[in-house]
Structures are given as structure tokens and as C-alpha cells.
Protein chains: 2
Amino acid sequence: MAEMKDTKRDILDAAEQLFAVKGPHATSLRQIIGRAKVNLAAVHYHFGSKDSLLQAVMARRLVPLNAERLALLEEQERKCGRRVIPLRKVLVALVGPALRLSRNSKKGGAVFMQLLGRCFMEPDPKIQAMLDRQLQEVAGRFIPALQRALPKLPTEDFFWRIHFLVGAMAHTMADAERLRTFSGGRCDPDDTEVMIDQLVNFLTAGFKAKSR
Amino acid sequence: MAEMKDTKRDILDAAEQLFAVKGPHATSLRQIIGRAKVNLAAVHYHFGSKDSLLQAVMARRLVPLNAERLALLEEQERKCGRRVIPLRKVLVALVGPALRLSRNSKKGGAVFMQLLGRCFMEPDPKIQAMLDRQLQEVAGRFIPALQRALPKLPTEDFFWRIHFLVGAMAHTMADAERLRTFSGGRCDPDDTEVMIDQLVNFLTAGFKAKSR
DNA sequence: CATTGATTCAAACGTCCGTTTGAATCAGGC
DNA sequence: GCCTGATTCAAACGGACGTTTGAATCAATG
């Protein structure tokens with residue numbers, strides 16, 4: 001990574017910031033190159049197109065993030081041996097790394113989290129396809145783990161609750177800041193560990209609700 | 001309402017449809033007037049600007065929707081007299097009318113629901129301000145009711161869970177269709193009553209989780 | 001029928017967009 | 001010093017955008 005040219009990284013940083021705050025669709029290449037202080041053509045020289053730039057922005061952080069998720073899940077599998085991984089542990093492995101990004105990255109972490117949340121909500125089929133591609137492996141490993149942790153839950157209920165999980169997580173990533181003002185300062189979205197606790201707590205209870 | 005000119009209503013219908021499917025930002029006035037089969041200038045003649053058009057699209061359905069929510073809440077208050085309204089009843093009054101819009105409106109219902117979910121996720125401050133204005137009264141009445149239904153829940157936890165509720169609800173409104181393919185056809189987002197049940201069920205359990 | 005105000009229309013406005021081009025600049029190997 | 005390939009640059013491309021304009025059309029009134 002250290003050999004990445006300044007121009008390329010400057011573009012990624014500026015694009016990440018602006019995509020996250022204004023949304024990919026509402027951000028122009030000219031705004032990006034203005035912030036990155038590079039030439040307009042540099043974007044197409046290094047990335048090819050605006051779409052590919054977004055893809056690169058996402059992949060830069062999503063690849064290690066998903067690797068961390070899978071590693072945490074495998075660690076739990078090792079710990080539990082033949083036994084089933086408790087629901088809470090699976091959820092922590094899934095949402096923890098994403099929410100924690102806001103702290104442990106020097107910068108850009110909170111910003112990227114917001115972007116990831118936004119991409120979940122973007123109607124643009126190009127963006128959706130990109131996300132699906134990035135999340136395919138994670139979904140393929142976590143869904144069976146979740147299902148094993150909830151053996152008595154009917155499949156239909158299970159998928160509904162996955163859907164609600166995605167909504168709560170995406171909204172929390174995209175707009176945690178809104179909670180500060182909305183709660184009159186009583187909640188602090190910068191305290192990531194509290195955030196993870198609150199979300200996992202809420203989701204665990206939701207998943208364990210008896211079906212009707 | 002019956003006296004609304006065809007042109008005005010045609011524009012609202014076309015705009016609602018396109019805003020919902022592609023997102024307000026990615027929809028151009030020229031696409032709207034193409035679908036509505038009216039002249040481009042008619043939009044500015046009747047609505048003034050693209051922003052005002054979106055506002056009008058939202059208000060047309062959001063005003064009666066919010067009125068229904070408040071009416072349902074007041075009905076519960078009457079029924080319960082001095083007692084506290086059960087959590088589940090409050091949640092049904094809040095999310096039921098929104099989710100049910102997809103059925104009981106001749107057309108445009110499901111479409112508008114999707115648009116409402118999208119607007120929740122839109123970064124554009126103009127759209128956010130518009131939503132806040134529309135939802136102020138509803139929030140002011142429902143939050144105290146929720147708080148009364150959860151007297152033992154610490155305020156901080158309470159606001160976190162409201163945040164999760166908004167995320168799950170918005171995602172369900174904006175992208176219920178995704179659940180069909182994702183669940184391999186096992187869930188049917190068109191069955192609104194099941195959808196309401198599933199969501200209320202999940203949220204009720206989440207809200208009642210003991211705090212840590 | 002003439003007049004008036006409301007509505008529709010085709011055409012254009014200026015601006016910003018993503019992308020392309022071709023020349024200028026820079027680096028390192030011969 | 002010169003060549004070569006990689007990078008940067010200013011400038012322009014065609015197209016789409018939201019908005020404005022001014023004339024044409026329509027409906028109703030006196």
C-alpha cells in the first residue's frame with residue numbers, strides 16, 4: 001500500500017469523503033478533483049470512469065472489512081467446536097467490524113461507514129450489483145451461522161428479520177449522527193462500543209422474539 | 001380532490017412513480033413529463049420547481065397518512081383511558097398505516113411507500129428538512145406514547161432503539177421487494193398484514209430487550 | 001363577438017456533467 | 001543527452017439538466 005501514488009490515493013480519499021456526505025449520485029468528478037487538487041483527466045487515467053472510481057473506493061475498505069468479519073466468525077467456530085455459536089457472537093462478528101471502522105482507522109473510517117450505509121439504500125442497479133458482489137461471500141457464511149443459532153425459528157420469519165437487521169444496520173451506519181440531535185444529546189454515536197452493544201442487543205432480542 | 005386538473009395530477013403520478021423507482025435525484029423533469037405526456041413548462045407553471053414538485057408529491061399522501069396515524073393513536077388512548085397503551089398497539093399505529101398504504105390505495109400506494117423510505121435515506125438537506133416538517137407532529141405524539149409504554153427503559157437505550165426502528169421501517173418500505181429474491185421466494189412482501197406483523201413483532205421484542 | 005385570464009406549447013437559455021484529446025512534463029535506462 | 005513510457009495538464013466535446021420566455025390556445029364572461 002505504501003507504494004500507492006499520491007494522486008491515486010488523494011482521489012480515493014476525496015471521493016470517499018464526498019460520496020459519503022452527499023451521496024455518489026450527487027457528487028461530481030469536478031468536486032472530487034477540486035478537493036483532491038488533481039487534474040480532471042487523472043480520474044479517468046487512473047480509474048477509467050466514475051463508476052469504477054466508486055467501485056475502487058468501496059473495495060479499498062470493504063475487502064479488509066469483510067475479511068475481518070469472516071475471521072471473527074471462524075474464530076468463534078473454532079472456539080465452539082461442535083457446538084452452535086451463540087446468536088450474540090454471530091451478530092457481533094457481523095456488525096462489530098463495520099461499526100468499529102469509525103474508530104480504528106486513522107481517518108476516513110466514519111466517513112466510509114456512512115458511505116456503505118448510503119450504498120445499501122441506493123436504487124442505482126450498478127451500485128446494487130457492486131454491493132452484492134462484495135457481500136456475497138459474507139452472506140454465504142453468516143446466514144447459515146445465524147440459522148444454526150436459531151434452529152427453532154421458521155425460515156420465513158428468519159428472512160424477514162435478516163431484512164430488518166440490514167435496515168437497522170444500514171441506517172445506523174449512514175446516519176448515526178442524526179441520533180445525536182434527535183436524542184437531544186443523550187446518545188453519543190461516536191462511542192462505537194456503546195453503539196455496537198445497543199445494536200446487537202436490539203437485534204438479538206428481535207431475532208429471538210417468538211413467532212406468531 | 002376531484003376538481004384537480006388532469007395535468008397537475010398526471011405530473012404528480014408520474015413524478016411519484018419515477019422518484020420512487022430511481023430516487024428523486026436521479027429522476028429528471030424530462031423523464032417525468034415524458035411519462036405524464038405534458039409539456040415541460042407545465043411543471044414550473046403548476047409547481048414552481050423540481051423541489052416543490054417533490055414536496056407536493058410527498059404532501060399529497062403524507063398528510064392523510066399522518067392523520068391516520070394520529071387517529072389510530074388517539075383511538076388507543078380513548079380505549080385505554082387512564083391506563084398505559086401497550087407497546088405493540090403504539091407500534092401498530094405507527095407503522096401499520098405506512099405499510100398498509102401499499103394495499104388500500106387504488107394505485108401508487110406501494111410506489112409511494114418506496115419513495116418515503118428513499119427520502120428517509122436521502123442526504124440532500126432540502127429533502128431532510130421537508131421530511132422533518134412533515135413528521136414533526138407525528139414524532140411529538142408518538143415518542144411520549146412509546147416512552148410511557150416503556151417506563152423502565154433508560155432514556156439513552158430508548159433513543160437508540162427508536163433509531164433502529166426508523167432504519168428497519170425505512171428499509172422495509174424502500175426495498176421490500178428485495179426480500180422476495182433474497183429469501184428465495186419464501187417471503188412475500190405483497191402480503192402487507194404479514195409484513196406488519198413481522199415488523200411489529202421484531203420491534204416489540206427489540207424494544208423490550210433488557211438493557212445492559 | 002370581443003376580451004380576459006388561465007393554461008399549454010415549442011424553443012431557447014446558461015450551466016454543469018462525464019468523458020476525450022493531444023500536447024506538455026517527468027522519470028529512468030541506454 | 002536522448003529516447004521511452006508513464007503521468008499530468010488545459011481545453012474542448014456532446015449531451016442532459018433545471019429553468020425561462022413569449023407566443024399560441026383554450027374557456028368563460030360581458
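Everything numeric here is computed off the predicted structure, so don't read it as measured data. We name chains A, B, ... by the order of the sequence lines, and we start the count at 1 in each one.
- In this structure, His44(A) atom NE2 and dC13(D) atom P are separated by 17 Å, rounded to whole Å.
- When heavy atoms are screened at a 4.0 angstrom cut-off, Ala42(B) is found touching no nucleic acid atom at all.
- Out of dA11(D), dT21(C), dA10(C), the shortest distance to the side chain of Ala41(B) is found at dA10(C).
- When rounded to the nearest whole Å, the span between OH of Tyr45(B) and C1' of dT8(C) equals 9 Å.
- Per the geometry, CG belonging to Asp6(B) stands 15 Å off C1' belonging to dC26(D), to the nearest Å.
- Between Asp51(A) atom CG and dT19(C) atom C1' there is a gap of 12 Å when expressed in whole angstrom units.
- The listed nucleotides are dT19(D), dT21(C), dT21(D); the one nearest the side chain of Ser49(B) is dT19(D).
- Ring geometry for Phe158(B) against Phe207(B) counts as tilted: the plane angle lies between 30° and 60°, on a 0 to 90° scale.
- Between dA10(C) and Asn39(B), a contact under 4.0 Å exists linking OP1 or OP2 to a side-chain N or O.
- A salt bridge links Glu177(A) and Arg180(A); the closest N-O separation between the charged side-chain nitrogens and carboxylate oxygens is under 4.0 Å.
- Rounding to whole angstrom units, CD1 of residue Ile32(B) and C1' of dC17(D) are separated by 12 Å.
- Of the candidates Val38(A), Ile11(A), Asn39(A), Val38(A) is the only one forming a side-chain contact (heavy atoms from CB on, under 4.5 Å) with Ile33(A).
- For dT8(C), one of the phosphate oxygens OP1 or OP2 lies less than 4.0 angstrom from a side-chain nitrogen or oxygen of His46(B).
- Residue-level contact check: Thr27(A) touches the backbone only, with heavy atoms under 4.0 Å from sugar-phosphate atoms and none from bases.
- Look at CG on Leu18(B): it is 12 Å from P on dG18(D), rounded to the nearest Å.
- As rounded to whole Å, 12 Å separates atom P of dC17(D) from atom NE2 of His25(B).
- At least one side-chain nitrogen or oxygen of Thr7(B) sits closer than 4.0 Å to the OP1 or OP2 atom of dT8(C).
- Across the protein-nucleic acid pair, Arg30(B) atom CZ and dG18(D) atom C1' stand 7 Å apart, rounded to whole Å.
- Between Ser28(A) and dC16(C) there is no side-chain N or O to OP1 or OP2 distance below 4.0 Å.
- Aromatic ring orientation, Phe164(B) versus Phe202(A): tilted (interplanar angle from 30° to 60°).
- Exactly one of Arg9(A), Lys22(A), Arg60(A), Arg35(A) qualifies for a salt bridge (charged side-chain N to carboxylate O under 4.0 Å, His left out) with Glu16(A). That residue is Arg60(A).
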